[in-house]
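What follows is one structure encoded as structure tokens, with my remarks underneath.
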Amino acid sequence: MTVIHAAITGWGKCLPPAVLSNHDLSGLLDTSDDWIVSRTGIRERRISHVGLEELAYVAAARALAAAAISGSSIELVVFGTCSHEDQVPNMASGIQVRIGAPAAAAFDINTACTSFLYGLSAATALIRTQVVRNALVIGAELISPFMDWSDRDVAVLFGDGAAAVVLEASEREEGVLAEKLGCYGDAREILRVHGMGGRYANRGVLYGITRWQFEGQEIFKRAVQGMSSACEDTLARLSFRPQDVDLVVPHQANLRIIEAVAKRAHVPMERVYVNIQRYGNMSAATVPVALCEALEERRVRPGALLLMPGFGGGLSYCAHLVRWGSRTTPLKSSTAELPPNERPALEIVRECLERKTRPSAAPSTTPFA
Ligand code: UT7
């Protein structure tokens, strides 16, 4: 019997244009460029002037164009995020409408920062079992409205962004070859965003007025442990060695975490893709954005073996081994663009801060409103 694989045939990203630098943040919080760069590797991040669906739609349109597939042919939309505009209806159904795919199934996945990678697993499995013939998998996140901009422990770490890939059934051995998915549920309390769910409604907490419970050092340790063991496990499943890996495209949360995982996985940093300096941690969007940029920078050669480790709240962790196909350039480009933005990132952030201190003052121009 022919084995069906799920090749990645299209990819696209969408980064909002407003840049929030470390210098900007040091005017807002008791922090410095030196501290942020030396502890995290982050130099700047993006702050969105539009909502999550808009960011995701532009990324999706670009991914569809790269695969030269029409939206109406898509059979499944998987939307990985933890910063939903709505819980009901879900985000994926909004994208189904925007790309014009009325026959597509559509669901969201939330495993925090690993949501794209978990979504890649779900979509790949549904293609392999021939439930669908193709899928659009999105990793998109709008963290800025949910950030506690008065808390320097977390405010310096995150950013907004989106990216998407198209998967298509193939008889060639491409796409996800093996993966390990895991979760340290015992450590779920070390990363909790208070005010981001229904459980707070009857405690007088307004949705979106957040406080982050965040044990950075413990998350750091678990992240290194989870991603390293997942890399080892995934490679062992198909008897690959670290030297067989052409490029590691990891979740980008902290440069020191990436370096520690690379060391434990025995892959030199020259074969690890890093873009955290430009965007910070975009949660579910980091891996697909990094994949898009690695392709743009010609770091992915035809037939390359890619290793994609991730971790996130939950604490979820995983690693995916992906065989790239013969094409590393898009077939077409899309005309989809975000609406223009006039506002500096710091102004958007100050609005978020204002809303936290005076919720009734929330202006309607912010993406969250
Ligand atoms: O996708 C999941 C997202 N989560 C993560 O990725 C978090 C993983 N953890 C980390 O990345 C790191 O633990 C952090 C970057 C969050 C923190 O780095 P660290 O090296 O573990 O620093 P620390 O928490 O030990 O803090 C060292 C010092 C403290 O001051 P004292 O107690 O030594 O006086 C902090 O108060 O740095 C202080 N500090 C800051 N200083 C300037 C904490 N945040 C800041 C800040 N600017 N933004």
Side-chain angles (χ1 to χ4, degrees), residues 22 25 29-32 34-42 45 80-83 109-118 139 141 143-144 146-159 180-197 199-200 205 210-234 248 250-265 269 272 274 276-277 279-287 290 307-320:
N22 291 350
L25 278 171
L29 296 159
D30 180 16
T31 189
S32 65
D34 266 3
W35 191 95
I36 303 171
V37 172
S38 64
R39 301 286 176 131
T40 71
I42 301 166
R45 69 287 292 143
T81 192
C82 63
S83 51
I109 282 196
N110 174 15
T111 51
C113 303
T114 58
S115 301
F116 169 78
L117 290 170
Y118 269 63
E141 217 79 76
I143 305 287
S144 54
F146 294 106
M147 179 45 64
D148 179 353
W149 290 104
S150 63
D151 181 356
R152 71 175 185 175
D153 288 350
V154 286
V156 303
L157 302 177
F158 292 88
K180 163 71 184 173
L181 307 177
C183 179
Y184 298 125
D186 63 310
R188 64 198 295 271
E189 295 303 327
I190 68 179
L191 204 182
R192 175 181 284 282
V193 185
H194 296 263
M196 222 175 157
R199 78 202 308 258
Y200 303 99
V205 179
T210 53
R211 180 175 63 77
W212 288 56
Q213 183 174 314
F214 190 87
E215 294 177 36
Q217 290 188 356
E218 197 50 37
I219 300 169
F220 192 113
K221 281 184 222 155
R222 296 276 192 148
V224 173
Q225 185 188 343
M227 286 202 282
S228 311
S229 65
C231 285
E232 196 180 327
D233 193 311
T234 308
V248 179
H251 175 49
Q252 317 267 327
N254 186 320
L255 179 58
R256 291 186 296 137
I257 294 178
I258 295 172
E259 287 169 345
V261 171
K263 193 170 173 199
R264 288 189 181 202
M269 282 303 287
V272 179
V274 176
I276 190 171
Q277 66 281 7
Y279 307 122
N281 181 350
M282 296 179 289
S283 183
T286 60
V287 171
L307 183 60
M308 300 177 174
F311 77 97
L315 293 177
S316 59
Y317 62 88
C318 56
H320 290 59

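Taking every heavy atom of both residues into account, Ile276 and Leu255 meet most closely at CD1-N, 3.9 Å. Of all heavy-atom pairs between Ala284 and Ser115, the closest is CB-CB, 3.9 Å. Minimum heavy-atom separation, Ile42 to Ala253: CD1-O, 4.4 Å. The shortest non-hydrogen separation linking Trp212 to Thr210 is NE1-OG1, 3.9 Å. In terms of heavy-atom proximity, Ala290 sits nearest to Gln252 at CB-NE2, 4.0 Å. A pairwise comparison of heavy atoms in His194 and Gln213 identifies NE2-OE1, 2.6 Å as the closest pair.
Looking only at side-chain heavy atoms (C-beta outward), Ser83 and Ser283 stay at 4.5 Å or farther from each other. Residues Met227 and Ile257 form a side-chain contact, since some pair of their non-hydrogen atoms from C-beta on lies under 4.5 Å apart. At a threshold of 4.5 Å between non-hydrogen side-chain atoms, the residues Leu25 and Trp149 count as touching. In this structure, the side chains of Pro250 and Val261 stay at 4.5 Å or more apart for every pair of heavy atoms. Side-chain contact between Val248 and Met269 is absent, with no heavy-atom pair separated by less than 4.5 Å. Using a 4.5 Å cut-off on side-chain heavy atoms (C-beta onward), Leu307 and Cys231 make contact. The shortest distance between side-chain heavy atoms of Val224 and Ser228 falls below 4.5 Å.
The CZ atom of Phe214 sits 12.0 Å away from the CG atom of Asp148 when rounded to the nearest 0.5 Å. Rounding to the nearest 0.5 Å places OG of Ser144 at 12.0 Å from CZ of Arg45. Between the CD atom in Glu189 and the CD atom in Glu218 there is a gap of 13.0 Å [rounded to 0.5 Å]. Annotation: the span from Ile36 atom CD1 to Arg152 atom CZ amounts to 10.0 Å, rounded to 0.5 Å. Note: Ile109 CD1 to Tyr118 OH = 9.5 Å, rounded to the nearest 0.5 Å. Leu181 contributes atom CG, which lies 9.0 Å from atom CG of Leu117 (distance to the nearest 0.5 angstrom).
Screening Tyr279, Phe311, Tyr317, Phe116 for a ring pair (Phe, Tyr, Trp, His ring centres under 6.0 Å) with His251, the sole residue that qualifies is Phe311.
For Ser32 (side chain) and Trp35 (main-chain N/O), a donor-acceptor pair under 3.5 Å exists by modelled atom type. A donor-acceptor pair under 3.5 Å is formed between the side chain of Thr234 and the backbone N or O of Ala319. Asn22 contributes no side-chain N or O that, together with a main-chain N or O of Asp34, makes up a donor-acceptor pair within less than 3.5 Å.
By the side chain to side chain contact (heavy atoms under 4.5 Å, CB included) test, Gln277 is found to be paired with Arg43, Val274, residues two or more places apart in sequence or in another chain being considered. By the side chain to side chain contact (heavy atoms under 4.5 Å, CB included) test, Ala187 pairs with Tyr184, Ile190, Arg222, Leu315, sequence neighbours left out.
Under the 4.0 Å criterion applied to side-chain N and carboxylate O atoms, Arg256 and Glu259 are not assigned as salt-bridge partners.
Heavy-atom contacts from other residues, nucleotides or ligands closer than 6.0 Å to CZ of Arg192 number more than 12.
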